[in-house]
*Asks:* 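Dumping the structure here so I can ask a few things about it.
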Amino acid sequence: MNNLTIISSQKNWLEQDAVIHLKKLCTLEGVVKAAGLPDLHPGKTPVGCTIITEDMIYPHLIGNDIGCGMSIYTTSIEKRKIKTDKIIKKLESIASLKEIELPDDSGLDPTSSPLGQSLGTIGGGNHFAEFQEVNEIFDEDRFKSLGFDKGHITLLVHSGSRGFGQAVLDESIRLYEAQKGLPISSDAARNYLSKHDDAVKWALINRDMISYRILKAVGAGTENERLLDSCHNSITMKELDQKQHYIHRKGASPSDTGAVIIPGSRGSLSYLVMPKDNTETSCYSLAHGAGRKWERSLCKSRLQGKYTRESIKSTALKSRVICSDNSLLFEEAPEAYKNVDTVIQSLLDFELIDIIATFKPIITYKA
DNA sequence: ATGTAC
C-alpha cells in the first residue's frame, strides 16, 4: 500500500492494531489515499485517520458521532479575577445542563423528541467543556487576529451530534446496508449525505448551546462569541485533479479550513495551531487530540490504587474536574492518553503546522 | 460514540 501515510515519529508510540486496521480499510473500493495521524488508535474503525475516496462513500468510517468537533468561545471572565471555587460550586450544584433553559433562537425545538431532547448536552466518552487560560503565545499577530485575548478565560467545547448522528448512521445501515459502502450516484448516498450534513449542523448548534448553558450556569455573560470551530468526524467533498473526492475524517481535524485547537488530556495543554499549506500528505488533516493509550475497560483497575475519590478530580496542572460518573473519571484520566506534546511534535516534524499558542485547563466539566 | 444492551 503506497497511498497510506502514517504521520508519526519514533518517539510517538502507535498501537499497531490500528495501523493494520487502517491498511485493511485502504483496500476498500474507491479509496485513493489515506493518512494515519499521530493520535491514531483502535476503535470500531480506527480513530485518528483520514480516508479519501472517489465514487464511493463509507458511512461506517465516520461512525455514529457525525459532526463531532471542537469549538472555542470567548467569555467575559477575566483571567486575573476568576473565582475557580465559586464556578466549581455552581457547576456541581446542577444535576444536568438540561436544567438551564436554552435561548429562544437556538434554531431547534428542544421539546421535539428525540432529537431536540439532547440539544445542549455534552454526552459521555471523551466529550467535555473546559475553562482554559492562555499558557504561552508563540504568534501574537495570529492570536489577536483570531479574536483571542490573553486577559480572558476561554471555553473549549468538545461534543457531537448525540442521538441524531446515531439515528442517521443506523438508518443508513438498516435501509441501505451502508457498511458495504454507498456508490456516490445512488439515492442511498444522497440521502445519507443530506442527513449527515444536518447532523454536522446539529452538532455545531449543540456546542453553541453547551457553551451558552455553562456560561449561564456560572453566572458569566452569555455573549459567547465562537472564535473557532473544527469538525473531526465527517465526510467533506473536495475537488482534486478535476474530480470530486470524499474526505472521510474519523478523529482527524481539517487542515484546509484555518486554525484549529488540538487538546490533550484534561491534565495537559491544548495547542492552538495554524496548518501549513502543504498538507496533502496528511490528507488535509491533523491530529484531533492526544489519542488514547489505554482502552477504557483497563483504566479503572490500573488507576484505582493511585487515586482517592478526591485526588482523581484534580490534575498535574492544578486544574479541577467535575464529573459525576465515577468510571468516566478513570476512563478519561490523563494516564489513559498519550502525551499531546509528542503528538504535536510529529505534526511539526512533518511540517504540517505552526503553533500559535497553548492553553492551560482550569476546570474540565463532564456529563 | 449512544436517552446504549445485558
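Since we're looking at a predicted model, the values are computed, not measured. Chain letters run A, B, ... following the sequence lines, proteins first and then strands; every chain starts at 1. The figures that follow rest on heavy atoms only: side chains count, while hydrogens, waters and symmetry mates do not.
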*Asks:* Distance check needed: B:dA1 C1' versus A:H232 NE2, whole Å only.
*Replies:*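 Taking NE2 of A:H232 and C1' of B:dA1, I get 10 Å after rounding.
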*Asks:* Assess whether salt bridge (charged side-chain N to carboxylate O under 4.0 Å, His left out) is satisfied between A:E332 and A:R292, documenting all intermediate values.
*Replies:* CA-CA 9 Å; A:E332 293 294 316; A:R292 284 201 83 81; 3.3 Å; yes
*Asks:* Which of parallel (below 30°), tilted (30 to 60°) and perpendicular (above 60°) describes A:W202 and A:F164?
*Replies:*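 Answer is tilted, since the angle falls between 30° and 60°.
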*Asks:* Calculate the interatomic distance between A:I173 atom CD1 and B:dT2 atom P; express it in whole Å.
*Replies:*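 So the two atoms are 16 Å apart, to the nearest Å.
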*Asks:* Indicate, with a heavy-atom threshold strictly under 4.0 Å, whether A:G165 touches base, sugar-phosphate, or nothing.
*Replies:*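 Counting heavy atoms under 4.0 Å across all strands, no contact is made by A:G165.
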*Asks:* Could you check whether A:G163 gets within reach of a base, just the sugar-phosphate, or nothing at all, counting any heavy atom under 4.0 Å?
*Replies:*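 Counting heavy atoms under 4.0 Å across all strands, the contact made by A:G163 is with sugar-phosphate only.
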*Asks:* Using whole Å, report how far CD of A:Q166 lies from C1' of B:dT2.
*Replies:*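 Going from A:Q166 (CD) to B:dT2 (C1'), I get 5 Å.
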*Asks:* Between atom CZ in A:R162 and atom P in B:dT2, what is the gap in whole Å?
*Replies:*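 Rounding to the nearest Å, CZ of A:R162 and P of B:dT2 are 5 Å apart.
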*Asks:* What nucleic acid atoms does A:G123 come within less than 4.0 Å of, heavy atoms only: base, sugar-phosphate, or nothing?
*Replies:*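 If one applies the 4.0 Å heavy-atom cut-off, A:G123 turns out to touch the sugar-phosphate alone, with no base involved.
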*Asks:* Please state how far atom CZ in A:F164 lies from atom P in B:dT2, giving the value in whole angstrom units.
*Replies:*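 Distance check: A:F164 CZ to B:dT2 P gives 15 Å.
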*Asks:* Which label fits A:Y58 and A:H60: parallel for a plane angle under 30°, tilted from 30 to 60°, or perpendicular past 60°?
*Replies:*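 Ring orientation, 0 to 90° scale: perpendicular.
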*Asks:* On a plain distance test, is the side chain of A:D65 in donor-acceptor contact with the base of B:dA1 below 3.5 Å?
*Replies:*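 Side chain to base: no pair below 3.5 Å.
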*Asks:* With no hydrogens and no angle check, is any side-chain donor or acceptor of A:S9 less than 3.5 Å from a backbone partner on A:K11?
*Replies:*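 A pair under 3.5 Å: no.
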*Asks:* Between A:L169 (CG) and B:dT4 (P), how many Å, whole number?
*Replies:*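 It is 17 Å, rounded to the nearest whole Å.
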*Asks:* Measure from NE2 on A:H127 to P on B:dA1 and round the result to the nearest Å.
*Replies:*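 So the NE2-P distance, A:H127 to B:dA1, works out to 5 Å.
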*Asks:* Give the rounded distance in Å between these two atoms: NZ of A:K44 and P of B:dA5.
*Replies:*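 Roughly 12 Å, once rounded to whole Å.
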